[in-house]
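Okay, structure first, notes after.
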Amino acid sequence: MYMKELLIIDGSSMLVTCYYANLPIEIKTAKTDEEREKYYYKILHSKNGEYTNAVYGMLGIIIRLLKNQKPNYLCVCFDQTRDTFRREMYKDYKGQRAAAPSPLIEQFHTIENILSELDFTVVYDNTYEADVWAGSIAKKYCDKVSVKLMTKDHDYLQLVEKNINVWMPLSEDKYKELKHNIYERDGVDIKAMNIPYRVFEYTEEYVKELEGVLPKQIPDLKAIVGDMSDNIPGVKGVSKAAIPLLNEYKTVEKLYEAIEGHSKAELNEIQKYWKESLGIKRSPMKALLNESEIELVGKKAAMLSKVLATIKTDIPIPFSLENMKAEYDQEKLKEICLRYDIKTIGKY
């Protein structure tokens with residue numbers, strides 16, 4: 001039976017991608033921040049001096065998605081701040097990330113205002129990141145519509161289920177690889193799927209095949225291997241064993257239930273089983289059971305990492321499905337493009 005489609009876009013991810021993709025070569029090749037700043041004047045901007053290189057790219061993508069993929073509903077989610085509930089739990093969450101350049105920061109406000117002017121649903125706040133909004137909206141409405149989550153963030157893969165798939169934009173080489181290895185192997189009609197170019201659609205089956213675990217196990221996987229991009233620690237020294245361990249024990253909690261409170265002889269037997277039955281040549285037992293009053297290691301690191309990696313899907317959603325209709329006024333789009341000196345998008 002045909003289901004209407006809700007497209008949820010990770011706006012922060014998309015805007016950042018568009019910003020770096022549309023920078024002048026002088027900034028892309030500069031070695032220092034000071035050198036980059038010398039060429040800010042070359043970044044695409046309006047007559048009023050407002051930076052628009054990221055806005056131009058993102059607005060064009062969204063309008064093309066509406067024209068070509070024709071979702072019935074649309075929602076764009078943004079990160080408002082890094083000081084969210086996750087950082088309250090772990091002060092070093094995303095702590096390694098450098099501050100965003102000022103031309104990019106400015107364009108967050110610009111694109112949010114433009115999308116709101118076009119009457120698209122735009123969400124962000126100071127407590128929850130974009131993934132929590134996206135996950136909660138997807139889970140609330142997935143029994144009514146088919147949901148597509150468009151993002152480059154692999155954390156979103158944990159949300160994949162029967163009526164929720166992830167649209168992952170890829171590099172040209174990675175897309176060709178997956179197209180050949182997956183779509184052509186399975187006889188997938190890409191045209192009939194009606195997905196954007198260089199976008200791979202993750203289903204439950206493809207998450208399992210490509211990530212090694214089920215979607216719901218992604219937080220467990222990150223609990224063990226960590227996530228450098230978000231500064232989630234994981235358990236050092238266990239990464240290669242993570243997938244076979246999760247295939248055996250399913251969750252981090254059940255893994256620890258299986259290894260805690262045993263004698264040395266019993267632990268040796270477990271490690272023997274891991275080697276012979278799970279193919280784990282180098283035992284991660286010591287790392288898993290490591291304890292410290294000073295460092296974040298072992299079980300403490302795993303449990304905290306799982307919480308940090310888990311996308312909440314139960315925050316209240318203050319708008320209905322009908323509020324997210326993917327409709328816009330063509331004349332309003334032309335007026336906005338004229339205001340920001342964006343010449344091509346207004347012609348769509």
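Numbering starts at 1 and runs along the sequence shown.
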Step by step, work out the side chain to side chain contact (heavy atoms under 4.5 Å, CB included) result for Val252 and Leu245.
CA-CA 9 Å; Val252 169; Leu245 287 174; over 6 Å; no
Apply salt bridge (charged side-chain N to carboxylate O under 4.0 Å, His left out) to the pair Arg339 and Glu117, showing each step before the final yes or no.
CA-CA 13 Å; Arg339 188 194 318 161; Glu117 275 194 69; 2.8 Å; yes
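- No close placement of the Phe108 and Tyr124 rings is indicated, their centers lying 6.0 Å or farther apart.
- For the pair Gly298 and Val235, the tightest heavy-atom approach, listed with the atom from each and the gap, is O-CG2, 3.6 Å.
- Dense packing is recorded around NZ of Lys139, with more than 12 heavy atoms of other residues, nucleotides or ligands lying under 6.0 Å away.
- No donor-acceptor pair closer than 3.5 Å links the side chain of Asn290 to the backbone N or O of Lys286.
- For Lys148 and Asn163, the side-chain atoms include no donor-acceptor pair closer than 3.5 Å.
- Counting only N and O atoms by type, the side chains of Tyr73 and Glu322 include a donor and acceptor under 3.5 Å apart.
- Salt-bridge check for Glu331 with Lys334: passed, with a basic side-chain N closer than 4.0 Å to an acidic carboxylate O.
- Taking a 6.0 Å sphere around NZ of Lys216, one finds it holds 12 or fewer heavy atoms contributed by other residues, nucleotides or ligands.
- A donor-acceptor distance shorter than 3.5 angstrom exists from the side chain of Ser305 to the backbone of Gly234, with no hydrogens or angles considered.
- Side-chain N or O atoms of Asp186 include none that pairs as donor or acceptor with a backbone N or O of Val188 at under 3.5 Å.
- Among Val166, Val76, Leu65, the one residue that satisfies the side-chain contact (heavy atoms from CB on, under 4.5 Å) test with Met150 is Leu65.
- More than 12 heavy atoms of other shown residues, nucleotides or ligands fall within 6.0 angstrom of atom CD in Glu172.
- Other residues, nucleotides and ligands place no more than 12 heavy atoms under 6.0 Å from the OH atom of Tyr39.
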Can you check salt bridge (charged side-chain N to carboxylate O under 4.0 Å, His left out) on Glu204 and Lys162, steps first, answer last?
CA-CA 7 Å; Glu204 291 178 280; Lys162 182 181 178 181; over 6 Å; no
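- Under a 3.5 Å cut-off, the side chain of Glu248 and the backbone N or O of Leu278 do not form any donor-acceptor pair.
- Proximity of a side-chain donor or acceptor of Glu37 to a complementary backbone N or O of Glu34 within less than 3.5 Å is not detected.
- Looking at Glu260 and Lys299, a side-chain N of the basic residue comes within less than 4.0 Å of a carboxylate O on the acidic one, giving a salt bridge.
- In this structure, Tyr51 has its ring center at least 6.0 angstrom away from the ring center of Tyr19.
- Lys306 contributes no side-chain N or O that, together with a main-chain N or O of Met303, makes up a donor-acceptor pair within less than 3.5 Å.
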Evaluate the side chain to side chain contact (heavy atoms under 4.5 Å, CB included) criterion for residues Tyr40 and Ser102: first the C-alpha distance (whole Å), next the side-chain angles of each, then the deciding distance (0.1 Å), finally the verdict.
CA-CA 10 Å; Tyr40 278 0; Ser102 56; 3.8 Å; yes
Determine, stepwise, if the pair Asp341 / Lys343 fulfils salt bridge (charged side-chain N to carboxylate O under 4.0 Å, His left out).
CA-CA 6 Å; Asp341 301 303; Lys343 297 180 180 179; over 6 Å; no
Decide yes or no on salt bridge (charged side-chain N to carboxylate O under 4.0 Å, His left out) for Lys312 and Asp131, but give the supporting numbers first.
CA-CA 8 Å; Lys312 286 174 62 66; Asp131 62 352; over 6 Å; no
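- Ring centroids of Tyr206 and Phe200 are separated by less than 6.0 Å, placing the two rings close together.
- A salt bridge between Lys176 and Asp173 is absent, with no side-chain N of the basic residue lying under 4.0 Å from a carboxylate O of the acidic one.
- Of the possible donor and acceptor atoms, one in the side chain of Lys208 sits under 3.5 Å from a partner among the backbone N and O of Gly212.
- Under the 3.5 Å distance criterion, with hydrogens and angles disregarded, no donor-acceptor pair is assigned to the side chains of Glu335 and Tyr340.
- A donor-acceptor contact shorter than 3.5 Å links the side chain of Ser12 to the backbone of Asp79.
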Tyr197 and Tyr175: CA distance, side-chain angles, deciding distance, ring-ring contact (aromatic ring centres under 6.0 Å, His included) verdict:
CA-CA 9 Å; Tyr197 178 63; Tyr175 175 74; 5.5 Å; yes
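- With sequence neighbours left out, the side-chain contact (heavy atoms from CB on, under 4.5 Å) criterion links Ser116 to Val122.
- Counting only N and O atoms by type, the side chains of Asn53 and Gln107 include a donor and acceptor under 3.5 Å apart.
- A salt bridge links Arg185 with Glu209; the closest basic N to acidic carboxylate O contact falls under 4.0 Å.
- Between the Thr52 side chain and the Val55 main chain, no donor and acceptor come within less than 3.5 Å of each other.
- Side-chain contact annotation: Asp125 with Gln80, donor-acceptor N/O pair under 3.5 Å absent.
- No hydrogens or angles considered: nothing links the side chains of Glu5 and Ser146 as a donor-acceptor pair under 3.5 Å.
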Could you walk me through whether Phe78 and Leu115 pass the side chain to side chain contact (heavy atoms under 4.5 Å, CB included) check?
CA-CA 12 Å; Phe78 288 95; Leu115 295 176; 4.2 Å; yes
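- Side chain of Gln217 to backbone of Lys250: a donor-acceptor contact under 3.5 angstrom is found.
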List the steps, then state whether side chain to side chain contact (heavy atoms under 4.5 Å, CB included) holds for Thr313 with Leu159.
CA-CA 9 Å; Thr313 59; Leu159 301 171; 3.7 Å; yes
